[in-house]
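Beneath this line is the structure, given in structure tokens, with notes to follow.
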Protein chains: 2
Amino acid sequence: MANVAKYDRDEVVRKAMLLFWEKGFNGTSTRDLQQDIDMRPGSIYAAFGSKEGLFSEALEYYSREMKQILDLRSTELQSPLAGLEAFMRNVVVDRRDTNPSEFCMLVKTLSELNEDQPELMQQTRKLLKRTEDRFTDILERAQKQDEISASANPRMLAQQLQVQMIGLRAFMKANRNPNTVSELIDSIFSSIRIH
Amino acid sequence: MANVAKYDRDEVVRKAMLLFWEKGFNGTSTRDLQQDIDMRPGSIYAAFGSKEGLFSEALEYYSREMKQILDLRSTELQSPLAGLEAFMRNVVVDRRDTNPSEFCMLVKTLSELNEDQPELMQQTRKLLKRTEDRFTDILERAQKQDEISASANPRMLAQQLQVQMIGLRAFMKANRNPNTVSELIDSIFSSIRIH
DNA sequence: TTTGATTTTGAGCGGTTGTTCAATATAAAA
DNA sequence: TTTTATATTGAACAACCGCTCAAAATCAAA
């Protein structure tokens with residue numbers, strides 16, 4: 001042991017994540033990154049190996065942060081379904097201006113990249129599947145509490161909600177009308193909720 | 001008049017569209033384009049002004065082609081709703097391997113670009129809105145033929161279908177399971193169709 | 001056949017890309 | 001205080017980017 005890193009790795013990855021989320025993988029140059037995270041090329045490459053390595057950690061960071069938001073909304077509202085709806089509205093509508101992009105970072109990555117970067121693609125797929133699994137868990141709890149129909153398929157419902165959340169974020173960027181999107185969210189949840 | 005262009009403009013734009021759709025605006029270099037459309041830089045810039053100009057024509061071409069597919073499915077099936085469902089299944093599932101990307105080219109553009117290219121963004125928004133309008137027309141006809149509830153709102157339903165189609169295409173790239181996606185399409189249409 | 005407007009060519013411009021690496025700075029261990 | 005392993009710096013590399021433009025090729029009109 002002789003010298004110790006001066007930067008806060010977690011904070012560096014967070015800043016990189018925000019920039020990647022805004023501009024995408026190809027749209028973000030290593031010089032943009034150097035400025036934003038205040039590190040020189042040598043340090044970046046010593047710490048993360050490559051632009052792809054840093055992006056990979058940024059993806060994990062993004063996913064962890066989204067999970068935290070979902071957990072937060074789930075615990076402050078005792079109802080599983082209400083938590084899910086609050087999460088959706090919070091991410092798609094409320095945070096639309098403070099988020100670096102209206103799109104989900106994972107979907108943006110899926111859209112931009114292809115099998116030329118197999119590791120990033122596989123990682124992105126894994127993280128999206130993990131979200132589907134979280135939604136499924138919540139919907140199973142909702143079913144036990146009679147919030148949704150006993151005949152509903154929680155896995156399939158989770159997929160439908162994920163599909164709609166992805167679509168709504170694109171729709172939000174296209175139409176920039178939070179009221180319209182909020183109505184669409186109302187409609188989604190009133191169609192699956194038991195009164 | 002002294003010399004006449006040797007290239008077929010429509011065919012050139014089509015080839016450019018396929019490449020842009022696959023790789024995105026930033027992911028496609030002008031050298032990639034030169035190869036694919038078999039034109040030299042001088043000719044390209046004389047004909048289209050800039051990479052952005054060619055991309056803009058490619059967007060229009062894409063949108064025209066999608067409209068044709070929708071019209072085709074609508075006329076070969078007399079039922080408006082069945083036409084819409086066939087269109088969705090055709091684009092999202094059947095063509096998943098022959099399409100240059102699972103994603104809608106307009107959504108991919110929306111995802112990749114921002115207000116730094118205001119003309120392209122505005123154009124993309126306009127073309128997406130036009131699709132919503134086409135969906136709305138079809139659903140109004142479906143409503144007159146009692147295929148969907150008389151109390152349904154065709155405009156809102158069109159928005160919901162557009163949102164779901166966008167989301168399903170992303171989901172298709174993430175999960176690569178055509179059966180799952182086909183089931184989701186079944187579910188969407190059986191929930192709005194009157195039997 | 002000559003003229004002349006138009007199209008096509010491709011070398012090359014200035015700038016940016018992801019990445020490397022020798023030189024320097026740093027701080028824990030001896 | 002000296003040693004030494006590690007961290008940081010930033011100049012520089014080769015490749016690539018969107019695009020320009022003078023020169024050559026082309027073909028309808030005269």
Side-chain angles (χ1 to χ4, degrees), chain A residues 1-13 15-59 109 112-121 123, chain B residues 1-13 15-59 109 112-121 123:
Chain A
M1 211 76 26
N3 198 0
V4 78
K6 279 163 200 62
Y7 60 85
D8 178 343
R9 189 178 181 97
D10 203 61
E11 184 60 15
V12 159
V13 173
K15 283 181 181 165
M17 180 275 280
L18 291 173
L19 198 60
F20 276 131
W21 186 5
E22 181 190 343
K23 295 164 163 284
F25 180 73
N26 290 320
T28 306
S29 75
T30 52
R31 278 155 181 89
D32 291 339
L33 284 166
Q34 287 165 37
Q35 274 226 333
D36 254 53
I37 69 181
D38 190 32
M39 284 175 78
R40 262 40 65 196
S43 295
I44 297 177
Y45 280 81
F48 302 103
S50 64
K51 184 186 175 184
E52 192 171 325
L54 177 51
F55 187 81
S56 172
E57 292 209 24
L59 281 180
T109 303
E112 182 182 13
L113 302 185
N114 54 35
E115 306 302 334
D116 293 347
Q117 274 113 336
E119 300 91 352
L120 287 183
M121 283 299 283
Q123 183 186 359
Chain B
M1 212 76 24
N3 198 359
V4 78
K6 280 166 203 59
Y7 59 88
D8 178 344
R9 190 179 180 97
D10 204 61
E11 184 59 16
V12 160
V13 172
K15 284 181 180 164
M17 180 275 281
L18 291 173
L19 197 61
F20 276 131
W21 186 5
E22 182 189 344
K23 297 163 161 285
F25 181 74
N26 291 319
T28 305
S29 75
T30 51
R31 269 132 183 115
D32 291 338
L33 284 166
Q34 288 165 38
Q35 275 226 332
D36 254 51
I37 70 180
D38 191 32
M39 284 174 78
R40 263 38 65 195
S43 297
I44 298 177
Y45 282 82
F48 301 103
S50 65
K51 183 186 176 186
E52 193 171 323
L54 177 53
F55 187 80
S56 173
E57 292 209 25
L59 281 180
T109 303
E112 182 181 13
L113 301 185
N114 54 33
E115 307 302 333
D116 294 346
Q117 273 113 335
E119 300 91 353
L120 287 183
M121 283 299 283
Q123 182 186 0

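Numbered from 1 within each chain, the chains take letters A, B, ... in sequence-line order. Keep in mind it's a predicted model, so treat the numbers as computed, not measured. No hydrogens, no waters, no symmetry mates; every other heavy atom, side chains included, goes into these values.
Evaluation of the salt bridge (charged side-chain N to carboxylate O under 4.0 Å, His left out) test over residues 35-49 of chain A, restricted to residues two or more places apart or in two chains, returns A:Asp38-A:Arg40. Applying the side-chain hydrogen bond (donor to acceptor under 3.5 Å, both in side chains) rule to pairs touching residues 50-59 of chain A yields A:Arg9-A:Glu57, A:Ser56-A:Gln123, sequence neighbours excluded.
Listed by chain and number, the residues in a side chain to side chain contact (heavy atoms under 4.5 Å, CB included) with B:Arg31 are B:Ser29, B:Gln34 (sequence neighbours excluded). Legend: residues meeting side chain to side chain contact (heavy atoms under 4.5 Å, CB included) with B:Asp10, ordered by chain and number and at least two apart, are B:Asp8, B:Tyr61, B:Arg64. Every residue two or more places apart in sequence or in another chain was checked for a side-chain hydrogen bond (donor to acceptor under 3.5 Å, both in side chains) with A:Glu119, and none qualifies. Residues satisfying the side-chain hydrogen bond (donor to acceptor under 3.5 Å, both in side chains) test with B:Gln35, not counting sequence neighbours, are none.
Atom pair A:Tyr45:OH and C:dT19:P shows a separation of 3 Å (rounding to whole Å applied). Rounded to an integer number of Å, the gap from CD1 of A:Ile44 to P of D:dG10 is 13 Å. Counting to the nearest Å, the P atom of D:dG18 and the CG atom of B:Leu19 are 11 Å from each other.
Listed in residue order, the members of residues 20-40 of chain A having a heavy atom less than 4.0 Å from DNA chain D are A:Arg31, A:Arg40. Taken residue by residue, residues 50-59 of chain A places heavy atoms nearer than 4.0 Å to DNA chain C at A:Ser50, A:Lys51.
Counting all heavy atoms, side chain and backbone alike, B:Glu112 lies closest to B:Asn26 at OE2-N, 2.7 Å.
B:Phe48 comes within 4.0 angstrom of nothing in the nucleic acid, heavy atoms only.
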Taking distance alone, no hydrogens or angles, what donor-acceptor pairs closer than 3.5 Å link side-chain atoms of residues 17-25 of chain A to residues at least two apart or in another chain?
from: A:Trp21; atom 1: NE1; to: A:Phe103; atom 2: O; distance (Å): 2.8

